[in-house]
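Presented below is the structure to which this report refers.
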Amino acid sequence: MRRWGGNERVARPQQPRVNTASAGDLPADGRLRLLSFNIQVGNSTERYHHYLTRGWQHLLPHTGRALNLQRIGELLGEFDLVALQEADGGSLRSGYVNQVERLAQLGDFPYWYQQLNRNLGHLAQHSNGVLSRLQPNLLEDHPLPGPPGRGAILVRFGEGADALAVVMMHLSLGQKTRARQLAYVRELIGGYRHQVLMGDMNTHASDLLQHSPLRDLGLLAPQVEATFPSWRPQRCLDHILLSPSLALERVRVLPQAMSDHLPVAVDIRLPDTLSGALPPMLPEPDR
């Protein structure tokens, strides 16, 4: 297993959690609807001064969080594969609600996984998350290099040359640390033909595609609209990057100000060799 940057965590395979109440339906047209969303632990921020006046909401529970999480869950239900950043895994501030699990329930996703990146006990459980209507063939939890607290999730659908590799991440603010993290991600996906990178990458697409360790992959950035701050977007920090082998159907930055970031949505068409091999199978219940 890999160990980078002195992190105590090591990369290891994991199993997605199963929401047995979900029907797990996928569209029949061969499309896969992707969404990346930094949900800011369910807080709604509408002005810069809210970082100060509502800063307590990052530490303590409040009634508005549950209502906002309900709204987010309704939005996520329109998609097939979702990358979440800044979710809480169940602490005081979230009312001990695992927000990844809760959003899987609200959006009717059969598969979900919570990646815990900063464990502050009862105070906070800083996490990334994945929600999927497809059953992953592989799921790996990767701490990213640099100061502890950043992570990436590798999810693979299918087997062999036509497998789809998806990496969901939340990158650091610092350029040097971010470059080390992208070098690590580059190593993860280098052997795959069909690649998707999703998440809050804290930099612009031009930097990712032209000046980072990803530059030789030929990835495409279908959207370059600003996503932050949500109330007056000025910076494009949230991305879904695609390999040229994946056909782009639609791209949107959704005008849904439920966090301090706007969600990014991309529809792709799966290769025929892959889409036919990926039924949204749920395990049979124990008898």
Side-chain angles (χ1 to χ4, degrees), residues 1-16 36-41 81-89 100 113-121 123-130 136 138-156 163-219 221 227-228 235-243 261 264:
M1 294 299 176
R2 297 175 178 85
R3 185 190 297 270
W4 282 62
N7 286 341
E8 295 182 1
R9 289 167 52 214
V10 295
R12 64 180 71 247
Q14 300 286 350
Q15 292 295 324
S36 180
F37 196 4
N38 181 327
I39 66 169
Q40 199 192 205
V41 297
L81 184 62
V82 175
L84 299 172
Q85 305 90 48
E86 293 195 23
D88 190 86
V100 181
Y113 179 74
Q114 173 222 343
Q115 178 189 53
L116 178 59
N117 290 310
R118 281 180 229 153
N119 185 351
L120 301 183
L123 292 179
Q125 298 280 299
H126 296 281
S127 303
N128 292 334
V130 54
L138 175 73
L139 190 152
E140 291 181 349
D141 184 309
H142 291 265
L144 288 172
R150 301 282 182 175
I153 305 169
L154 170 65
V155 186
R156 191 191 75 215
L164 174 67
V166 182
V167 179
M168 306 174 181
M169 70 200 81
H170 189 183
L171 300 181
S172 292
L173 294 169
Q175 182 178 0
K176 290 184 179 180
T177 301
R178 193 166 56 243
R180 293 175 61 203
Q181 294 169 346
L182 288 168
Y184 185 90
V185 171
R186 169 69 178 80
E187 180 183 337
L188 287 181
I189 63 172
Y192 294 99
R193 177 187 174 201
H194 306 306
Q195 307 158 340
V196 176
L197 303 184
M198 307 171 66
D200 177 356
M201 303 187 193
N202 271 313
T203 192
H204 295 271
S206 58
D207 180 46
L208 294 166
L209 301 184
Q210 301 172 24
H211 308 293
S212 86
L214 305 178
R215 59 185 176 274
D216 66 324
L217 292 178
L219 296 173
T227 59
F228 178 85
R235 303 182 66 195
C236 182
L237 303 181
D238 304 87
H239 302 279
I240 299 178
L241 307 180
L242 308 173
S243 60
H261 288 247
V264 174

Note to self: A quick test of your reading: do over 12 heavy atoms of other residues, nucleotides or ligands sit less than 6.0 Å from CD of Gln210?
What the structure shows: yes
Notebook entry, point to check: Under 4.5 Å between any side-chain heavy atoms of Leu120 and His126, yes or no?
Noted result: yes
Next item on the list: Please tell me if the side chains of Gln85 and Asp238 come closer than 4.5 Å, counting only heavy atoms from C-beta onward.
Entry: yes
Check: Does the side chain of Ser127 reach to within under 4.5 Å of the side chain of Asp88, using non-hydrogen atoms?
Finding: no
Next item on the list: Looking only at non-hydrogen atoms, find the nearest pair between Ala152 and Val167 and report the distance.
Entry: CB-CG1, 4.0 Å
Checklist line | Pairwise distance NE2(His211) to OG1(Thr203) - rounded to 0.5 angstrom | finding: 9.5 Å
Name every donor-acceptor pair, under 3.5 Å, that has one atom in a side chain of residues 168-177 and the other anywhere in the protein, sequence neighbours excluded.
from: His170; atom 1: NE2; to: Arg150; atom 2: NH1; distance (Å): 3.1
from: His170; atom 1: NE2; to: Asp200; atom 2: OD2; distance (Å): 3.1
from: Ser172; atom 1: OG; to: Gln181; atom 2: NE2; distance (Å): 2.7

Notebook entry, point to check: Taking C-beta and beyond as the side chain, do Val166 and Val130 meet within less than 4.5 Å on heavy atoms?
Noted result: no
Next item on the list: Just say parallel, tilted or perpendicular for the rings of His261 and Phe228, cut-offs at 30° and 60°.
Entry: tilted
Notebook entry, point to check: If you measure from CD on Gln125 to CG on Leu116, what distance do you get to the nearest 0.5 Å?
Noted result: 5.0 Å
Next item on the list: First locate atom CD of Gln195, then atom CG of Leu242, and finally report the distance between them rounded to the nearest 0.5 Å.
Entry: 10.0 Å
Item checked: Least distance between heavy atoms, Val196 atom then Met198 atom -> CG1-CG, 3.6 Å
Next item on the list: Kindly write out the residues that satisfy salt bridge (Lys or Arg N to Asp or Glu O under 4.0 Å) with Arg193, not counting sequence neighbours, or none if the list is empty.
Entry: Asp162
Next item on the list: Would you check if the side chain of Thr227 reaches a backbone N or O of Leu237 as a donor-acceptor pair within less than 3.5 Å?
Entry: yes
Margin query: Can you confirm whether more than 12 heavy atoms, excluding those of Arg118, are under 6.0 Å from its CZ atom?
Written below: yes
Notebook entry, point to check: What do the steps show when you test Leu208 against Leu197 for side-chain contact (heavy atoms from CB on, under 4.5 Å), and what is the final call?
Noted result: CA-CA 11 Å; Leu208 294 166; Leu197 303 184; over 6 Å; no
Next item on the list: Supply the atom-to-atom distance Asp207 CG to Arg215 CZ, rounded to the nearest 0.5 angstrom.
Entry: 10.5 Å
Check: For Tyr184 and Leu144, which heavy atoms make the closest approach, and how far apart are they?
Finding: CD2-CD2, 3.8 Å
Next item on the list: Can you see which heavy atom on Ala179 is nearest to which on Pro213, and at what distance?
Entry: O-CG, 3.5 Å
Item checked: Val10 versus Arg12, closest heavy-atom pair with distance -> CG2-NH2, 2.9 Å
Next item on the list: Kindly give the heavy-atom pair with the smallest separation between Gly151 and Asn128, and that separation in Å.
Entry: O-ND2, 3.1 Å
Margin query: Measuring from atom CD1 of Ile240 to atom CG of Leu81, what distance do you get when rounded to the nearest 0.5 angstrom?
Written below: 8.5 Å
Notebook entry, point to check: Could you give the distance from CG (Leu84) to CD (Gln114), rounded to the nearest 0.5 Å?
Noted result: 10.5 Å
Notebook entry, point to check: Do Arg186 and Asp216 come close enough that some side-chain heavy atom pair is under 4.5 Å?
Noted result: yes
